[in-house]
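Here is the structure we will look at, set down as structure tokens.
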Amino acid sequence: MYSRIVGTGSYLPEKVLTNFDLEKMMDTSDEWIRERTGIERRHIAAEGQTTVDLAEPAARRALEAAGVHPSEVDFIAFGTTTPDLVFPNCGVLLQQRLGARGGPAFSVETACSGFLYALSIADKFVRAGEAKCALVVGAETLSRITDWKDRSTAVLFADGAGAVVLKPSEQPGILSTHLHADGTYKDLLYCRGGVSTGFPVEEPRMAIAMVGNEVFKLAVSWLGKAVDEALAANGIDKSELDWLVPHQANIRIIQATARRLDLPMDRVICTVAEHGNTSAASVPLALDVGVRDGRLKPGQLLLLEAFGGGFTWGSALVRL
Ligand code: UT7
């Protein structure tokens with residue numbers, strides 16, 4: 001028994017913030033942001049719009065694409081680091097919105113790898129026969145934990161949501177997932193402030209802190225190892241891959257991973273220019289964009305990867 005992706009969906013908040021808008025807010029330039037990151041614009045949640053507000057339409061679109069009624073969902077794994085509440089978790093809040101009751105629903109707090117961790121867990125429940133219709137979500141309102149005075153992070157992060165529906169299948173769908181973490185690097189990328197540590201008195205009371213150039217070097221190196229690991233574990237040569245669907249942190253990191261795989265950039269789904277870095281939402285958002293514009297087709301072999309805060313990273317090899 002395998003699990004297979006039978007529907008994808010995504011949602012972006014209406015408000016668009018361009019590099020030119022940022023030029024008016026801080027000492028930065030469109031040229032610097034585009035050259036160093038590939039980002040041109042990003043979406044930002046409206047005041048009062050929460051992570052679950054973004055996740056709900058993404059989930060409904062994925063369910064509609066799968067031809068599944070929301071009440072059939074019996075498992076929700078929700079990757080996010082920007083939850084609506086301390087509890088109930090975003091999975092439970094989303095379950096209530098969808099009118100699906102009784103199955104397990106939880107959130108996974110592994111920063112940019114949140115979706116891949118959630119996918120890996122859901123895959124195991126489906127394969128074990130314990131979930132028949134699993135919803136896997138990655139959704140974030142990173143604008144809420146962005147220090148808008150810190151140009152080194154404010155130009156990068158953004159809001160959005162993506163989702164997939166997983167069902168049991170006799171044909172291979174999720175071929176493998178590999179997850180990793182290494183907390184020794186916590187100080188290079190973390191969020192200041194927390195429930196048990198307390199919040200600084202001064203604003204912003206929660207904010208992403210990153211040593212960007214150190215994170216960059218490690219991301220390139222470990223994502224390279226992660227894609228090698230996924231191919232080796234499946235006995236697959238890189239020439240057999242149809243698409244790379246990477247975490248959208250920086251176009252230069254994506255290019256480095258594509259080079260490692262000998263994949264031309266027209267076989268890589270890139271949304272970083274339009275979406276910025278939406279953390280746990282970035283991989284399912286890119287996946288849905290590729291599916292809906294017809295580039296990603298049933299039967300194709302995709303490699304998904306992500307790398308994020310603290311650090312966590314991983315991959316999924318997927319037959320669509
Ligand atoms: O998703 C989780 C994982 N996160 C990542 O993978 C992010 C990884 N890191 C990166 O993407 C890149 O390191 C950044 C885009 C964050 C930064 O690019 P960089 O090429 O590594 O630049 P840098 O941090 O080495 O800074 C170079 C210069 C500095 O000025 P000086 O010291 O050379 O005068 C910075 O102060 O660029 C300056 N700078 C900026 N200038 C204009 C930093 N941010 C900005 C900015 N606008 N927004």
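Counting starts at 1 for both ligands and their atoms, following the listed order. For reference, positions follow the sequence shown, starting with 1.
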When you compare the side chains of [X] and [Y], does any donor N or O come within less than 3.5 Å of an acceptor on the partner?
X      : Y      : result
Thr28  : Glu23  : no
Glu140 : Thr80  : yes
His43  : Glu274 : no

Tell me the protein heavy atom at minimum distance from [atom], and give that distance in Å.
atom                    : result
atom 21 (O) of ligand 1 : Asn213 CB, 3.5 Å
atom 27 (C) of ligand 1 : Arg36 NH1, 3.5 Å
atom 6 (O) of ligand 1  : Ile253 CD1, 3.3 Å
atom 9 (N) of ligand 1  : Gly212 O, 3.0 Å
atom 36 (O) of ligand 1 : Arg151 NH2, 3.0 Å
atom 39 (N) of ligand 1 : Trp32 CZ2, 3.4 Å
atom 4 (N) of ligand 1  : Val215 CG1, 3.7 Å
atom 15 (C) of ligand 1 : Thr37 CG2, 3.5 Å

At a 4.0 Å threshold, what atoms of ligand 1 neighbour a non-hydrogen atom of [X]?
X      : result
Val155 : 48 (N)
Ser152 : 44 (N)
Ala249 : 1 (O), 5 (C), 6 (O)
Phe307 : 1 (O), 2 (C), 3 (C)
Cys112 : 1 (O), 2 (C)

Problem - Near-ring test Tyr190/Phe311, centroid separation under 6.0 angstrom - result: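 Between Tyr190 and Phe311, which both carry aromatic rings, the centre distance is not below 6.0 Å.
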Handout entry: Validation row, ring centre Trp313 to ring centre Tyr117 under 6.0 Å
Key =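 Centroid separation for Trp313 and Tyr117: 6.0 Å or greater.
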Handout entry: ILVMFWY clustering at 4.5 Å (side-chain atoms), partners of Val92
Key =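 Taking Ile, Leu, Val, Met, Phe, Trp and Tyr as members, Val92 stands alone, with no cluster partners.
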Does the protein put any heavy atom within less than 4.0 Å of [atom]?
atom                    : result
atom 48 (N) of ligand 1 : yes
atom 18 (O) of ligand 1 : yes
atom 34 (O) of ligand 1 : no

Ligand 1 versus [X], non-hydrogen atoms closer than 4.0 Å: side chain, backbone, both, neither?
X      : result
Thr153 : neither
Asn250 : side chain
Arg252 : side chain

Exercise for the section: Mind listing the closest non-hydrogen atom pair of Val318 and Ile5 along with its distance? Expected result: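 Looks like CG1-CD1, 4.0 Å.
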Exercise for the section: Output, in order, the C-alpha distance, side-chain angles, deciding distance and verdict of side chain to side chain donor-acceptor pair (under 3.5 Å) for Ser221 and Lys217. Expected result: CA-CA 6 Å; Ser221 159; Lys217 284 181 249 165; over 6 Å; no
Practice task
Determine, using heavy atoms of Met26 and all atoms of ligand 1, whether some pair is separated by less than 4.0 Å.
Solution key: no
Handout entry: Close approach of Leu189 to ligand 1, heavy atoms, under 4.0 angstrom
Key = yes
Problem - Euclidean distance, Glu170 CD relative to Met1 CE, rounded to 0.5 Å - result: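 One finds 6.5 Å between CE of Met1 and CD of Glu170.
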Exercise for the section: Kindly determine whether Asp53 and Thr50 satisfy side chain to side chain donor-acceptor pair (under 3.5 Å), including the steps that lead there. Expected result: CA-CA 5 Å; Asp53 290 337; Thr50 70; 3.3 Å; yes
Exercise for the section: Begin with the C-alpha distance, continue with both residues' side-chain angles, and end with the deciding distance and a verdict on side chain to side chain donor-acceptor pair (under 3.5 Å) for Thr110 and Thr312. Expected result: CA-CA 6 Å; Thr110 51; Thr312 63; 4.8 Å; no
Exercise for the section: Kindly indicate whether the side chain of Leu156, heavy atoms from C-beta on, has any atom under 4.5 Å from the side chain of Met210. Expected result: yes
Practice task
Show your reasoning for whether salt bridge (Lys or Arg N to Asp or Glu O under 4.0 Å) applies to Asp262 and Lys238.
Solution key: CA-CA 7 Å; Asp262 291 333; Lys238 50 192 170 188; 3.5 Å; yes
Practice task
Return the option from Thr28, Thr278, Val272 holding the heavy atom at the smallest distance from atom 46 (C) of ligand 1.
Solution key: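 Of the listed residues, Thr28 has the closest heavy atom.
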